[in-house]
Structure formats: structure tokens, C-alpha cells
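Chain naming here is simple, since letters A, B, ... match the order of the sequence lines and numbering starts at 1 in each.
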2 protein chains.
Amino acid sequence: MAEAAIGVLDTRFLKALTDPARVQIVKKLILLGACDVSTIARGLSQDRSVISRHLNTLEQAGITASRKEGRQVFYDLDGPYIVNKVSLILEALQPMAELCLPFQDISETGDAA
Amino acid sequence: MAEAAIGVLDTRFLKALTDPARVQIVKKLILLGACDVSTIARGLSQDRSVISRHLNTLEQAGITASRKEGRQVFYDLDGPYIVNKVSLILEALQPMAELCLPFQDISETGDAA
DNA sequence: TGTATATGTGCACACAAATGCACATAAAGC
DNA sequence: GCTTTATGTGCATTTGTGTGCACATATACA
């Protein structure tokens, strides 16, 4: 079980969601839908080049997909992939809810008689 | 919905799970149950002081609980907290599975007639 | 009391990540 | 063709994080 629980923790995926700037980008994509880089960067405090790099990171993690259209590149969230990823994590960790009660042995069935 | 999806992304929690050394510690705790620091560090490649810091990080994130017993400190996984956290994330992100199809507009009901 | 063991902290260092500027590249419009 | 706009990359800088050693603190034991 340990292997299953640990193996599902995709570091690249989780890391991509730990940066405030990237989370802000994800939020913007939720609100606006598919957007080109400049539109995403508009209003955000960082340079467009930085946003571009963050978008690349998100794509490497599978969180976004991109499509080139003329001279601009549109990015959009891959909702199914994201939800599936989190679902797999939850599924793998689920047993811990019962088996990993802190400082409690699970030997006996906790029959509250 | 964006607020809900983003607000549930506990950075401290996610960050705690992005370090290989910490994940290794979590794995060890799954296998062994509650352990003192030295036992956890045994077999791992890093200094006990490093393990101690990682355990502190995990505890700050709510992933482990600790209990002092004599001169040693035992750490154990908080399974219910972990599973609940991931459940909340999944719950908040769930709508994205349908609403965030990459490069697809959701205006019409996709009736495949 | 003195000694040994367990844990955490101060400090310095190594390494990775984020950031911004300047620039290269690509595509659209004149 | 030249010019403008959109994007990504090279580079240097800064910031954050992980690491190990030495040491301080706390507890157990003789």
C-alpha cells in the first residue's frame, strides 16, 4: 500500500501548483477560458517572459494545453487531466483515513462496546 | 467557482509533499507506524538533523502529528487530515472536469445527435 | 552529580527556482 | 521589402530550499 500511496505523488504536478504566480494564472484561466500569453499577463505583476515560463511549467505538468494561432499562443486548462490526477491521488491515499490514525494501533477492531 | 478551486490549494500542504526526502519519510511512516526521529532516519541517506527538519515541515503542513515520550519524539501520519485535505481539493476542482475542456466552448449542451 | 543518548537549532554552503531585462525568432500588416 | 506585435530564450541576479556539521538543550541512567 505504501508503494501505491507514494507512487501516485507526481512531484512535477504538485510542484506546479505550489507557486503563487502559477496559481494566479490558473485562476485567470478558469475565469477567462483559453487565452493568449499577453492577455494572461495583463494585470498580473510579472513580466510577460515570466508568465510564459510559468505557462511552460504548467504545460509540462499536464495542467494546461496550448495551441498556436497565428503569432499568438493560446493556453487553456486541461480540467479532465487535473481532476483525474487528483482523483488518483485521493484513491491511493484513501486507506490512510482508517489505517493511519495518529498514535493509535489498528490491531483490534475498534468495537465501541 | 475560481475562488473555491484556488482557495483550497493549501500551498504549505502541497509543498510538503514535493520533496523526495519528505516523501520517503512519509513512506516509512506508512510502513512502520509511529516512530521516533532516529528510527526514521535509520537507513535514510540524510543527517538526523535534516530528517528532524523535514518532520517539522510535515507537521507544519498537518501531515504528521508528534508526541514527546521521554527523550525521544515520536511522529505519526495524520491519515484523516491528509485524506480530508485531498478530498476537499478534489471536491473544489471537480467542476473543472466538465467546464474546463481544453479549447472547447461549453455554451451549448454537447448533444451528440 | 556526571555521563550518555535523543532531538532540535545556528550557521555556512550548495543548489534549484523565480524574476527581469535584453534580444532572437516568428508571424501579421503596411 | 520594412515595421509592428507576440512569444520564447540567454543571461545575470535574487530568493528560496535542502543539506551537513557543530553545538545547545533536554531527558534518562549510573
Next item on the list: Could you run through nucleotides 16-30 of chain C and give me one letter per nucleotide, 5' to 3': B if any protein heavy atom sits under 4.0 Å from the base, S if only the sugar-phosphate is that close, - if neither?
Entry: -SSBBB-----BS--

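- Looking at every heavy atom in both residues, A/D76 comes nearest to A/A34 through OD1-N, 3.5 Å.
- The two residues B/T18 and A/T11 make their nearest non-hydrogen contact at O-CG2, 3.4 Å.
- To the nearest 0.5 angstrom, A/Q24 atom CD is 9.5 Å from A/H54 atom NE2.
- Here the C1' atom of nucleotide D/dT5 and the CG atom of A/D36 are 11 Å apart, to the nearest Å.
- Applying a 4.0 Å cut-off to non-hydrogen atoms, none of the residues of residues 24-34 of chain A approaches DNA chain D.
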Just the atom pairs and distances: protein N or O near nucleotides 12-14 of chain D's N or O, under 3.5 Å.
none

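- Protein atom CZ of B/R42 is 12 Å distant from nucleotide atom C1' of C/dA6, rounded to whole Å.
- Taking 4.0 angstrom as the limit, A/Y75 places a side-chain polar atom (N or O) nearer than this to OP1 or OP2 of D/dG8.
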Next item on the list: Would you check, one step at a time, whether the test side chain to side chain contact (heavy atoms under 4.5 Å, CB included) holds for B/K27 with A/E3?
Entry: CA-CA 8 Å; B/K27 181 177 175 183; A/E3 285 298 340; 2.5 Å; yes

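- Distances from the side chain of A/Q72 to the nucleotides D/dA6, C/dT7, D/dG8 place D/dA6 closest.
- Residues A/P80 and B/L101 share a closest heavy-atom pair of CG-CD2, 3.5 Å.
- D/dT19 atom C1' lies 14 Å from atom CG of B/L44, rounded to whole Å.
- In this structure, B/Q60 places its CD atom where more than 12 heavy-atom neighbours from other residues, nucleotides or ligands lie under 6.0 Å away.
- For the 3.5 Å distance criterion, the side chains of B/E59 and B/S66 qualify, holding a donor opposite an acceptor.
- Rounded to whole Å, atom P of D/dT9 lies 15 Å from atom CD1 of A/I51.
- The CD1 atom of B/I63 sits 11.0 Å away from the CD1 atom of B/I25 when rounded to the nearest 0.5 Å.
- As a whole-Å value, the separation of B/R67 CZ from D/dT27 P is 17 Å.
- Of all non-hydrogen atoms in B/I82 and A/M96, the two that sit nearest each other are CD1-CE, 3.7 Å.
- For the pair B/L55 CG and D/dG18 C1', the interatomic distance rounds to 14 Å; values are reported in whole Å.
- Residue B/R48 contributes atom CZ, which lies 19 Å from atom P of D/dT25 at whole-angstrom precision.
- Separating the CZ atom in A/F103 from the CG atom in B/L77 is a distance of 10.0 Å, to the nearest 0.5 Å.
- A donor-acceptor pair under 3.5 Å is absent between the side-chain atoms of B/D36 and the main chain of B/F74, judged by distance alone.
- One atom, CG of B/N56, and another, P of C/dG10, lie 12 Å apart when rounded to the nearest Å.
- Using a 4.0 Å cut-off, no side-chain N or O of B/S52 falls inside it from OP1 or OP2 of C/dT9.
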